[in-house]
Amino acid sequence: METTRNTPLERVRNFGVIAHIDAGKTTVSERILFYTGVSHKIGEVHEGDTVMDWMDQERERGITITSAATTAFWTPSYMSVEDRKNDKNKYRFNIIDTPGHIDFTIEVKRSLRVLDGAVVVFDGVAGVEPQSETNWRYADEGNVPRMCFINKLDRTGGNFEKSYATILDRLTKNAVRMQIPIGEEDKHEGVIDLLKMKAYHFEGDKGKDIVEIEIPENFKAAAAKYHGELVEKIVAEDEKAMGEYLDGKEIGIDELKKILRKAVITNKIVPVYCGSALKNKAVQLMLDGVVDYLPSPLDIPAPTGIDPNTDETISRRVADDEKFSALAFKLQSDPYVGQLTFFRVYSGTVEAGSYVYNATTGKKERVGRVLRMHANDREEVKTVYAGEIAAMVGLKETRTGNTLCDENFPIILESIVIPESVVSMRIEPKTKADQERMGMALKRLSDEDPTFRIKGDEETMETIISGMGELHLEILVERMKREFNVDANVGKPQVAYRETITKSAEAEGKYIKQSGGRGQYGHCVLTVKPIEPLIEGKKLAKNVTREDHFEFINNIKGGVIPNEFIPAVEKGVREALNRGIISGFPMVDISVDLTFGSSHDVDSSEMAFKMAGSMAFQDAAKRASPVLLEPIMKVEVVTPEKFMGDVTGNLSSKRAQIEGMEDRGQAKVVRAKVPLSEMFGYVTSLRSMTEGRASFTMELAEYAIVPKNIETTIVESRK
């Protein structure tokens, strides 16, 4: 059991492996574990024996569903044999392998929130794909430094230059080649390092032995050209080096690496590596790149947060002797130890058996055990230090995005933004015994996955579950059966529609009831209008409560409604929002202004004002031209050219807006925006249309107004 910090902070690298589905993330992660000595055999996705994809469903389907965290140690391969044996030269990697499927996008979001860097893996045949763009956008939002690894160059159609061009075109102009491949497809033999101007082959057991050779004659011209481009790009980031370079002086490799490291950490340059993880080529050199260029916890800006007592912005130093602060970013049910809470320590240290304060909920919790995770294996540790990632056992009240800290020095760190769920389905237990277990199973699963939401339908008394897609819900229902032994019947997937208004309107709500004794009296006047998006940094007035989709403004003058009843009006409005006007779907993007009202000294009560608020809102919303909104998906279909006409014709029949077509290798790519309601079961019809040779991906693009004729059908079906 570890009792002291055995790796200094500057030698720690927290990074994630992110990519589009099927680009080879898990294969890259498995090679990392093998070369760093964590596993003594390489697990393969196609054989179902990977370390990182440890869930049964992941192994059966060959996809990553949940992000797996692991710790490994690496000594750069360019060091001498003697130096590599010395433990002082080891770097600690805390690695998270994330899913690529859009339905599990929360896993990428929350992982990037706590990581310092990312390795973005691309398929060398397809280049940039839709989920690569989404993940890149998440990394941009979090300002996460990253490097690229163009994988699968051994595959038929593998083309480094084409894939590199898609990165420049679709993701960033700051990408620069660090390597080029020696040969592609079945001739892929190794890589050329453009900084050192050396070539490398990978030999011995699983490519463990890195053999440095001279650059082959037929690659010398290309290597010299790209070496020049790389050096120019690096020296452009440093005035002194630029001056020397223009004076014709040779700049040393160590100096270039130093400038490049700084530029990568500030997101000014994105280095691009290449190879083939499946054929064990060049993964070790990519790990050297992680050491050389990705940040340690000391290189990133100091974490900042809000002091819950004063609402002021405060920061923490990344150091073991600073006050403790950490972010819980993931919950996971473990059959052996119970609920695990994964957390990243930003400052200070935490010990097993101690108490931590949850600044988000205001509650204290006792830390039972602290575990360092190796996918689903675990190693118990006594203390976790600043800049590290681990899991706690024993926290009951902590959820994803909560801040854990020292009670005497509270801080709330920036939380994790949870995406909207777009698909719902009804679920009911098969037997009485299942009914008792189902509630617990659903709660556990929704604690683990914040994009999985549960609500009861008050009218039909049914349970409705919502998630990010059909596959997401299918896997969660399957997990209920396997992990919690709950059998359930599920309805057909339904679209999560929303409602909103398109103009302003005013209405009055009066709730007056007189019976023997004390009566009820509530009266308010509301103005509703469509909301404007909240501009970042914009300060809200004191009388406004604001969330993403709802704003409540209290404009009561002269105390015509006593202050204690105003929250009751807001509560009534919120309840009416959830019930909708057109067809019972939740209403979004609405601003409600409470302008006038009256009260009665004896008969006024919270309940009366809640009813008045609800009545006034419903009346105003009906006059404000309400409309139904539906999720519109960004769809990308990859198909052989001969089926192109069938695919586009079929998409057009689904109310699709076709936005573009392009070539990708031998295939054609169609990009379109399609309503989600038209996409259920699309995978089956696409396969039958294209002899099973086409594939598609989709993700939420926006919510848009439903055409009137379709709205009528939806309203009728809801009756």
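Keep in mind it's a predicted model, so treat the numbers as computed, not measured.
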Which pair of non-hydrogen atoms, one from [X] and one from [Y], has the smallest distance, and what is that distance?
X      : Y      : result
Phe202 : Lys281 : CD1-CA, 4.0 Å
Ser276 : Asp154 : OG-OD1, 2.8 Å
Glu237 : Ala263 : CG-CB, 3.8 Å
Ile269 : Val176 : CG2-CG1, 3.5 Å
Gly467 : Leu473 : N-CD2, 3.7 Å
Val12  : Gly387 : CG1-O, 3.8 Å

Between the side chains of [Y] and [X], is the shortest nitrogen-to-carboxylate-oxygen separation below 4.0 Å, so that they form an ion pair?
X      : Y      : value
Glu662 : Lys162 : no
Lys90  : Asp87  : yes
Asp299 : Arg261 : yes
Lys634 : Glu133 : no

Hey, are the side chains of [X] and [Y] touching, using non-hydrogen atoms and a 4.5 Å cut-off?
X      : Y      : value
Tyr385 : Val350 : no
Val128 : Trp136 : no
Leu287 : Thr36  : yes
Ile167 : Phe122 : yes
Arg369 : Leu371 : yes
Ile32  : Thr70  : no
Glu212 : Asp193 : no
Val635 : Val637 : yes

Check the surroundings of atom [atom1] in [X]: do more than 12 heavy atoms from other residues, nucleotides or ligands lie under 6.0 Å from it?
X      : atom1 : result
Lys187 : NZ    : no
Lys233 : NZ    : yes
Lys257 : NZ    : yes

Tell me whether [X] forms a cation-pi arrangement with [Y], defined as NZ or CZ under 6.0 Å from the six-membered ring centre and within 45 degrees of its axis.
X      : Y      : answer
Arg92  : Trp74  : no
Arg11  : Tyr91  : yes
Arg344 : Tyr346 : yes

Does the side chain of [X] pick up a donor-acceptor pair with the side chain of [Y] at under 3.5 Å?
X      : Y      : value
Asp320 : Thr349 : no
Thr166 : Asp169 : no
Ser325 : Ser347 : yes
Arg31  : Asn280 : yes
His20  : Asn135 : no
Asp292 : Tyr78  : yes

Nearest 0.5 Å please: distance from the [atom1] atom of [X] over to the [atom2] atom of [Y].
X      : Y      : atom1 : atom2 : answer
His472 : Ser466 : NE2   : OG    : 10.5 Å
Gln284 : Tyr200 : CD    : OH    : 11.5 Å
Thr27  : Asn151 : OG1   : CG    : 7.0 Å
Leu285 : Phe149 : CG    : CZ    : 9.0 Å
Lys196 : Ile192 : NZ    : CD1   : 14.0 Å
Tyr226 : Leu230 : OH    : CG    : 12.5 Å

Chi angles and distances behind the side-chain contact (heavy atoms from CB on, under 4.5 Å) call for Gln179, Phe160: CA-CA 10 Å; Gln179 300 173 335; Phe160 174 77; over 6 Å; no
Pair Ile265-Tyr293, side-chain contact (heavy atoms from CB on, under 4.5 Å): steps then yes or no: CA-CA 7 Å; Ile265 290 168; Tyr293 308 118; over 6 Å; no
Partner of Arg372 by side-chain hydrogen bond (donor to acceptor under 3.5 Å, both in side chains), out of Glu379, Glu388, Glu380: Glu388
Residue pair Arg444, Gln339: steps toward the side-chain contact (heavy atoms from CB on, under 4.5 Å) verdict: CA-CA 9 Å; Arg444 281 272 190 87; Gln339 178 108 304; 4.2 Å; yes
Using only atom types and a distance under 3.5 Å, with no angle test, would you say the side chain of [X] pairs donor to acceptor with the backbone of [Y]?
X      : Y      : value
Arg13  : Val291 : yes
Arg146 : Val144 : yes
His201 : Val211 : no
Asn14  : Asp116 : no
Asn86  : Asp83  : no
Glu185 : Thr156 : no
Tyr273 : Val283 : no

For Cys148, the option from Val272, Leu171, Val119 that meets side chain to side chain contact (heavy atoms under 4.5 Å, CB included): Val272
Candidate pair Ile18 and Val121, rule side-chain contact (heavy atoms from CB on, under 4.5 Å), full reasoning: CA-CA 6 Å; Ile18 60 174; Val121 179; over 6 Å; no
Phe73/Phe93 under ring-ring contact (aromatic ring centres under 6.0 Å, His included): CA gap, chis, key distance, verdict: CA-CA 6 Å; Phe73 292 91; Phe93 288 170; 8.8 Å; no
Intermediate values then yes/no, side chain to side chain donor-acceptor pair (under 3.5 Å), Thr75 and Asn89: CA-CA 6 Å; Thr75 313; Asn89 292 323; over 6 Å; no
